Amino acid sequence: MKHPHVETPMETTFGRFIMRVYADSFGKETLVLRTNVLDPSKPVLVRIHSECLTGDTFGSLWCDCGEQLHQAMKLIAKSGNGVLVYLRQEGRGIGLFEKTRSYELQRQGFDTFEANVMLGHRPDERTYEWAKIALADLGVDTIQLLTNNPSKVSEVAKLGITVIERVPIIINSNEYNKPYFDAKRDKFKHFFNNEVSYYFYQFHADTVEQVQHIGEYLQNKKRDPLLKICVGVAANHETLADAAAIEKIRAIFETCGFYEGFVPILHFSFATSPNPTEDVQTIHNVMPFVTYLQTNDVTPKDTKTITAACETFLADIPLWDENFSLVHSKEFRDTITNNKAFVLLDNSKGTGLRESKESLMQKIDTLLGYGMNDIAIFGGFGPDDLDTYFELRRHYRINFSIDAETKLKTDGTLDIEKTKTYLQQLLRFDDPKEAGVEQSRTFLQQHKADDWASVAIDSREFLVHPAVFNPGHFPSTRWFAEFVRKYVKDQKDFCEIGCGAGVISCLVALANPDIHITATDINPFASETTRQNAERLGLSDRVDVFNGDVLDAVPQDKKFDTIFWSLPFGFLDPGAKIDLRDTQLFDPGYRATRKFLASAKKYLQPNGHILIGFSEDLGHPDLLDAIAREEGTLFEKVAENVMQEKDAVSFEILKGTYRTEV
């Protein structure tokens, strides 16, 4: 869909461009400059530049923004195939007034990172959705990105744009912006040269076949050139004398080489090593194919082994509460930074326990204060359990690496499906729609009840338990009910998931006397409320009610002509904690949605369909489409309506069919 815009040619001192301006509120219009000829069939040189009035217009020496803008325009003009997207998000998204307050704090000795946090902001508040829109309108999906900021590469890549290369913009610092450059290098992990800094998503493998399964799954899914998929392989002191075990490890390492971006790393436990430092050299001698080493179970004060590992391999060094004080040693810090080692924050040590976000932030702040920014976060992560990791990445705007082990296993063995979900969620790194989430939470709070209520819908009275979604406050329920009861005319078996107070199930039953209804809800109070309302309306013999997650409680021999679910389409980070009331509106990571699309097929009659109540305004349509493709579901929009809740919101009903396997 093309978005409203105007455009005109514009001559500049850097060359001739076509200027496009997108319609938006006054002062917020996104601006695009592109070369006269644009060929999206080739990688396009792109600069995504956030507004900086002080630097871009007034030539402030406190930053390098204006110089970066002008150099980018020169390079784009010279390329003959480029785009500049100018986003109106002054001061890394905090606005000119707050940026000026930040300047005052910087004059007092605080850096730009610290100043923004002191003012109550995240270090970097920028978003890039408008860049995606602008590039999509131009048909551009593969780019070379002009930036010194590795995090911007990943932010753009997660929008579905393939970044084949980060192109640095090299600017020299001056006496005024030297602290600004230092903060960008140390705390935002920017680079001012051609140096490359990778980050990794890690899983553990015991067999060649496991690597092959995941490697095939990730084909063409990775769009960030700075991201590596690390494959951890376990070993210990006893392994060093076991030729068969070494050969098995070699085979796994060699298999990783067949998959783009896969990097094998030896997870070596020194717990049984009589001389850990000697074992480091022995690893190098008997396994010369090992480049990356993770030093597990090194005693807290054994810096000799850590030094040996860093000097012999590209090393990952776990830190936990007992040895975190090492970071205060300049000798330790020099060992880590000079050898480009990663610091792993790992209080879990293989137990699957999660360290609190607050504790992790304290450690990260300490590391960044020392300029140590190659950081990985371990412990307690897995599929549908990534909220802390995503929150930390959004806050710091650093590409933290991550590892999961315990929660990727079933009965002690790597679970391929869990691993696929974990990696897919990391690769997508979807952002909740903050405005929509806040609107939904406010609406729930405003209509929180302390006692039973009753609501009249279609001249029928429905009781509503205080812990159940009150359909009287949401006009979408009435509209969904009206559509569904007509849609299922002449059908025999209908199922509603997330039945709430039972309004849709009961109205469908009343309008279709020959139909049998199955209603289910994860909220036990909802199931009981539906049961009571069906009884009060004389429908108990035709409405069966169950309590369980998605279709878990529905007998497996049931087959339906239509299964309907008005999805809890509010997206939250995978693993975000919610209560029973929240399940009515929110689905963290779209876990339940994914489970529904995976399981509904076996409950359908041969020509049966699923119906989904959805809202693109409040939900995450791109993620829904991606999950649907994974599960072989084809959606078509069969109804749409704009209704007034707190604001005007568009709702739609999607009809889903499953591809027939040949």
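Residue numbers count from 1 along this sequence. The figures that follow rest on heavy atoms only: side chains count, while hydrogens, waters and symmetry mates do not. Source: prediction; values computed, not measured.
Scanning both residues, L61 and Y176, for their nearest heavy atoms gives O-CB, 3.5 Å. Residue C256 comes nearest to V211 through the heavy atom pair SG-CG1, 4.1 Å, listed as atom of the first residue, atom of the second, then distance.
Looking at heavy atoms from C-beta onward, Y292 lies out of side-chain contact with F313 at the 4.5 angstrom threshold. At a threshold of 4.5 Å between non-hydrogen side-chain atoms, the residues L218 and L427 count as touching. Within the 4.5 Å cutoff, no side-chain heavy atoms of F289 are placed close to those of E254. Taking 4.5 Å as the limit, every side-chain heavy atom of H395 sits out of range of all side-chain heavy atoms of I364. Using a 4.5 Å heavy-atom cutoff, the side chains of C52 and K99 are in contact. Proximity of M372 to R333: side-chain heavy atoms (C-beta onward) are separated by under 4.5 Å at one or more points. Looking at V117 and H121, their side chains never come closer than 4.5 Å, going by heavy atoms from C-beta outward. For the pair D387/L572, no side-chain contact is recorded, criterion being any heavy-atom separation below 4.5 Å from C-beta on.
With N339 contributing its side chain and I336 its backbone, the two residues share no donor-acceptor pair below 3.5 Å. With hydrogens and angles disregarded, a donor-acceptor distance shorter than 3.5 Å links the side chain of K418 to the backbone of K409.
Using a 4.0 Å cut-off between a side-chain N of Lys or Arg and a carboxylate O of Asp or Glu, E438 and R441 do not qualify as a salt bridge. Salt-bridge annotation for D124 and R126: present, with a side-chain N of the basic residue lying under 4.0 Å from a carboxylate O of the acidic one. For the pair R92 and E125, the salt-bridge criterion is not met [side-chain N within less than 4.0 Å of a carboxylate O]. Using a cutoff of 4.0 Å between basic side-chain nitrogens and carboxylate oxygens, E195 and K340 are scored as salt-bridged. Taking the charged nitrogens against the carboxylate oxygens, R394 and E391 have no contact shorter than 4.0 Å, which rules out a salt bridge. Under the 4.0 Å criterion applied to side-chain N and carboxylate O atoms, D64 and K184 are assigned as salt-bridge partners. A salt bridge links R101 with E98: the closest approach of a Lys/Arg side-chain nitrogen to an acidic carboxylate oxygen falls below 4.0 angstrom. A salt bridge links D321 with K363; the closest basic N to acidic carboxylate O contact falls under 4.0 Å. Between E155 and K158, at least one side-chain N (NZ, or NE/NH1/NH2) sits under 4.0 Å from a carboxylate O, which counts as a salt bridge.
Remark: aromatic rings of Y180 and W62 are distant, center separation not under 6.0 Å. Two rings, from Y201 and F203, have their centers 6.0 Å or more apart. When ring centroids are compared, F200 and F342 come within the 6.0 Å threshold. Here the two rings, on F268 and F270, have centers that are under 6.0 Å apart. Remark: aromatic rings of F400 and Y389 are distant, center separation not under 6.0 Å.
Ring-plane geometry between Y259 and F262 is classed as tilted, the angle between the planes lying from 30 to 60 degrees on a 0 to 90 degree scale. Under the 30°/60° scheme for interplanar angles, the aromatic rings of F390 and F429 are found to lie parallel. Ring geometry for Y396 versus F113: interplanar angle under 30°, hence parallel rather than tilted (30 to 60°).
Within 6.0 Å of the NZ atom in K221, the count of heavy atoms belonging to other residues, nucleotides or ligands exceeds 12. The number of heavy-atom neighbours closer than 6.0 Å to CD of E331, taken from other residues, nucleotides and ligands shown, is 12 or below. With a 6.0 Å radius and a threshold of 12 heavy atoms from other residues, nucleotides or ligands, Y198 has its OH atom at or below the threshold.
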Can you list the steps and then say if R122 with N116 is a side chain to side chain donor-acceptor pair (under 3.5 Å)? CA-CA 6 Å; R122 292 195 294 261; N116 278 22; over 6 Å; no

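The line from CG of D374 to CG of L367 is 10.5 Å long, rounded to the nearest 0.5 Å.
Looking only at atom types and distance, the side chain of T305 has a donor-acceptor partner in the side chain of D302 under 3.5 Å away.
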